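Hydrogens, waters and symmetry mates are skipped; everything else that's a heavy atom, side chains included, is used. Chain A is the first sequence line, chain B the second, and so forth, proteins listed ahead of strands; every chain is numbered from 1. In this text, all values refer to a predicted model and were calculated from it rather than measured experimentally.
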Amino acid sequence: MNKDISERLKKLLGESIQKIFLSQSIDLNLMPPVILTTPRNPEHGHMSTNIALQLSGILQREPKQIASSITEEIIQRESEIINHIDIAGPGFINFYLNEQIFYHILKEIVLQREKFGCSDIGKGEKVMVEFVSVNPTGPLHIGHGKCAAVGDALTKILKAAGYQVTTEYYINDHGKQVNTLGESVLARYRHLLGEEVPFPENGYQGDYIFDLAREIIKEYHEQFKGKSDQSTIQFFKDYAYKKILQDIKNDLTNFGVEFDSWFSEQSLYDQNKVQPVIEQLKKKGYVYNHHGALWLKASYFGDEKDRVVIRENGEPTYLASDIAYHDDKFKRGFKILIDIWGADHHGYIQRMKAAIDAMGYDPESFQVLLVQFVTLIKEGKIVGMSTRGGEFIPLKELLQEVGKDVARYFFLMHSHDSHTEFDLDIAKSQSLENPVYYIQYAYARICSIIEKGKKEDILLDLNSDSQILFGLLDKEEELEIIKKLSNFKKVIERSAVYWKPYLVSSYLYDLASAFHKYYTNYQVIGKNRELSMARLYLISAIKIVLENALTLLGVCAPEKM
RNA sequence: GUGCCCGUGGCUUAAUUGGAUAAAGCGACGGCCUCCGGAGCCGUAGAUUGGAGGUUCAAGUCCUCUCGGGCACACCA
């Protein structure tokens, strides 16, 4: 519902309740916050509050009795926006608003266009969303695709809600994993040149390792034959991870995901940012020496056990880099850090929170969004996807099969917290089973109706609503649609506050559905010119909201399909 | 074994963060094209929300226990 109106109602309710409190001389601090909801059942009014139920314990009175006291008070103060008030069920107060309010909202949507739905609840707070951050040791698979879609949509939603958001990809270009990558490629290089050398333990098995080796042969020929020294490995490592990273970047671009910055783990060492942070923690007494290694007192901050930050051999662990990295994020001025991780990393959260706590930052300002796994269903069967075993579906392949829009929507249509079952056959079908088409079809239909209007010389000037007779939009379905449209801002806010991008997806589906129903029951362009104009105005507003919502998800709004 | 996440019609999921009669899609069955795009619309059947207690005006949602499933438990990243 429109924010001004719900604020106005909340204020009214607050004042009325205050008066009751004073008359019974009850401490005003006991007053709970007023919560207004937009009921899904139309019989429960346009807006509703449960405040009387909440107050019954405090005031020691029957909820219904309290509700009627509040209602009486409100009726005396406000008659402009409220049509009438009902007290229903155990003591809910249901408001029915004046229809003019809805027409006003409709105008607002059309006036604000692409800005409609935006709010300022984020108050410009600096947020960093770090996501994907896949090791540059292999290509992106569909699981990463889900993280990418969730992170990207969440970022857009947070921005719409008034946060100042920066996205970042953390590149693990330091440490054992990329070394193993270098060794794996080198081994394949030498195999291809006919040498018999052992393949590294836990080496990377995929075909792309051979591809990289072939590339190097093509470019450098037999230059590294017989070599296995540090600088050769270093060369293979750099060559391989840079190529793979480029490949990852390309995949993300094709998926519609762009990062504001790419942060190298190695740069933390090059700029000597790791040691000082560890030193600092040591001074605070949160890092101690044990058996030659340095340990973080993670258990003191709620983790299961203490964790090594500097190994016995003097090498920092991944955690050490990560501590320095997150310290750096805070030092760059970010107030909220959101990391999006695959669910398999959940055991790492407590340890990271402990580190942040130890550094003196509020552990609550660091939040991890866990994205559950994706299982791909092909011809009714589950296709496995473990990175370790080398059996995974590359994101690239999925994009070729179903396209960006379908892939993104499928990743975003359910809670990121629940497993995604990605049914390839449904995703590929351009049919009613596919929710993406259902939504896009609604948009295309609207465009087509507007085109028809133009042909029949019924042209709508969206910059001026003076010739629109809003009163003609009096059908129940029409008011229902306007109500839904007006909810959009709330949906974005909730989606931003609870970090649930899928709320936007289900909203979209619901709105598309309302339009399809309306379309079947009513003719937009008809004999009556005024009515046609008014309805065109309505569907133009739907078009705007559909487009705004699709944009948040990174899904296209096609005018023709 | 310990910790985290998840159990909702046959299947995939919702449920305004504790609210009113648990809502959609798929699948099944039955209807709707002289008409703006049928990639659509309408209807019927299908649920004791894994189970047992508890908290309160109110529990799918919170607490305890229990049973199933997933994941994690490195001086890997």
(request) Give one of base, sugar-phosphate or nothing for A:A343, where a contact means two heavy atoms less than 4.0 Å apart. (result) sugar-phosphate

(message) Could you check, using the six-membered ring where one of them is a Trp, whether A:F95 and A:H46 have ring centers closer than 6.0 angstrom?
(response) no

Every protein N/O within reach of nucleotides 54-56 of chain B N/O, cut-off under 3.5 Å:
none

(request) If the plane angle is over 60° it's perpendicular, under 30° parallel, otherwise tilted; pick one for A:H174 and A:Y269. (result) parallel

(request) List in chain and number order the residues that pass side chain to side chain donor-acceptor pair (under 3.5 Å) with A:Q367, two or more places apart in sequence or in another chain; answer none if no residue qualifies. (result) A:E364

(message) Can you work out whether A:G89 or A:N135 has the more 5'-proximal nearest nucleotide on RNA chain B?
(response) A:G89

In a table with atom names and distances, give each donor-acceptor pair under 3.5 Å that connects a side chain of residues 48-63 of chain A to protein atoms at least two apart or in another chain.
from	atom 1	to	atom 2	distance (Å)
A:S48	OG	A:N94	OD1	2.8
A:T49	OG1	A:I35	O	2.9
A:T49	OG1	A:I51	N	3.2
A:Q60	NE2	A:G57	O	2.9
A:R61	NH2	A:S69	OG	2.9

(request) Give one of base, sugar-phosphate or nothing for A:E43, where a contact means two heavy atoms less than 4.0 Å apart. (result) base

(request) Could you tell me whether A:D417 contacts a base, only the sugar-phosphate backbone, or nothing, with contacts defined as non-hydrogen atoms closer than 4.0 Å? (result) sugar-phosphate

(message) Suppose we screen for ring pair (Phe, Tyr, Trp, His ring centres under 6.0 Å). Which residues come up paired with A:F131, at least two apart in sequence or across chains?
(response) A:F259

(message) Measuring only the P atom in each nucleotide, how far is B:C71 from B:C32? A whole number of Å is fine.
(response) 49 Å

(message) Can a side-chain donor-acceptor contact be found between A:K500 and A:S415 if the only test is distance below 3.5 angstrom?
(response) no

(message) Check for me whether the distance between the ring centres of A:Y325 and A:F263 falls short of 6.0 Å.
(response) yes

(request) Can you run through RNA chain B from 5' to 3' and write each base as (, ), [, ], | or . depending on how it pairs? Watson-Crick or G-U wobble, both distances under 3.5 Å. (result) (((((((..((((.....[...)))).(((((.......))))).....(((((..]....))))))))))))....

(request) Kindly state each residue pair satisfying side-chain hydrogen bond (donor to acceptor under 3.5 Å, both in side chains) with at least one member in residues 533-542 of chain A, sequence neighbours excluded. (result) A:E478-A:R535, A:Y518-A:R535

(request) Would you indicate what A:A444 reaches in the nucleic acid, counting non-hydrogen atoms under 4.0 angstrom: base, sugar-phosphate, or nothing? (result) base

(message) Are A:Y502 and A:H416, when compared by the centres of their aromatic rings, separated by less than 6.0 Å?
(response) no

(request) Have a look at A:E559 and say if it touches a base, only the backbone sugar-phosphate, or nothing, with a 4.0 Å heavy-atom cut-off. (result) base

(message) Taking atom types as they are modelled, would you say the side chain of A:N94 forms a donor-acceptor pair with the base of B:A20 within the 3.5 Å cutoff?
(response) yes

(request) When you get a sec, tell me which of B:A24, B:G19, B:C75 is the closest nucleotide to the side chain of A:Y509? (result) B:A24

(message) I need the CG-P distance between A:L55 and B:G19, as an integer number of Å.
(response) 17 Å

(request) Measure the acute angle between the ring planes of A:W295 and A:Y288, then classify it against the limits of 30° and 60° as parallel, tilted or perpendicular. (result) parallel

(message) For A:K329, give me all partners under salt bridge (charged side-chain N to carboxylate O under 4.0 Å, His left out), at least two apart in sequence or on another chain.
(response) A:E130, A:D339

(request) Name the residue closer to the 5' end of RNA chain B, choosing between A:D306 and A:L370 according to the nucleotide with the nearest heavy atom. (result) A:L370

(message) Between P on B:A77 and NZ on A:K237, what's the gap in Å once rounded to a whole number?
(response) 12 Å

(request) Indicate, yes or no, whether a donor-acceptor pair under 3.5 Å links the base of B:C41 to the side chain of A:H516. (result) no

(message) What is the distance, to the nearest angstrom, from the CD atom on A:Q350 to the P atom on B:U2?
(response) 18 Å

(request) List for me each residue that meets side chain to side chain donor-acceptor pair (under 3.5 Å) alongside A:E477, sequence neighbours excluded, and say none if there are none. (result) A:Y522

(message) Tell me if the side-chain of A:S48 makes a donor-acceptor pair with the base of B:A20, cut-off 3.5 Å, by modelled atom types.
(response) yes

(request) Calculate the interatomic distance between A:L296 atom CG and B:C75 atom P; express it in whole Å. (result) 13 Å

(message) At less than 4.0 Å, is any side-chain N or O atom of A:R445 found next to OP1 or OP2 of B:G38? Yes or no.
(response) yes

(message) Checking one value: the base orientation of B:C5, syn if chi is within 90 degrees of 0, otherwise anti.
(response) anti

(message) For a quick test of reading the model: is some side-chain N or O of A:Y438 closer than 4.0 Å to OP1 or OP2 of B:C41?
(response) yes

(request) List in numerical order all residues of residues 517-533 of chain A for which some heavy atom is under 4.0 Å away from an atom belonging to RNA chain B. (result) A:K517, A:Y519, A:T520, A:Y522, A:Q523, A:V524, A:I525

(message) Using a 6.0 Å cut-off, check whether atom NZ of A:K297 has over 12 heavy atoms from anything other than its own residue.
(response) no

(message) Please classify the nucleic acid contact of A:E62 as base, sugar-phosphate, or nothing, using heavy-atom distances under 4.0 Å.
(response) nothing

(request) Scan nucleotides 8-17 of chain B nucleotide by nucleotide, 5' to 3', and note B when protein non-hydrogen atoms come under 4.0 Å of the base, S if they reach only the sugar-phosphate, - if neither. (result) ----SSSSBB

(request) Using the test side-chain contact (heavy atoms from CB on, under 4.5 Å), find all partners of A:A442 that sit at least two apart in sequence or belong to another chain. (result) A:A512, A:F515, A:H516, A:L546

(message) Roughly how many Å apart are B:U66 and B:G1, using the P atom of each and rounding to a whole number?
(response) 11 Å

(message) Going by side-chain contact (heavy atoms from CB on, under 4.5 Å), name the residues that satisfy it together with A:D247, two or more places apart in sequence or in a different chain.
(response) A:P139, A:D251, A:K396

(request) Whole angstrom is fine here: how far is it from CG in A:D344 over to C1' in B:A74? (result) 15 Å

(request) Can you tell me the distance, in whole Å, between the CD1 atom of A:I349 and the C1' atom of B:C71? (result) 12 Å

(message) Please report the distance, rounded to the nearest Å, between CG in A:N50 and C1' in B:C57.
(response) 11 Å

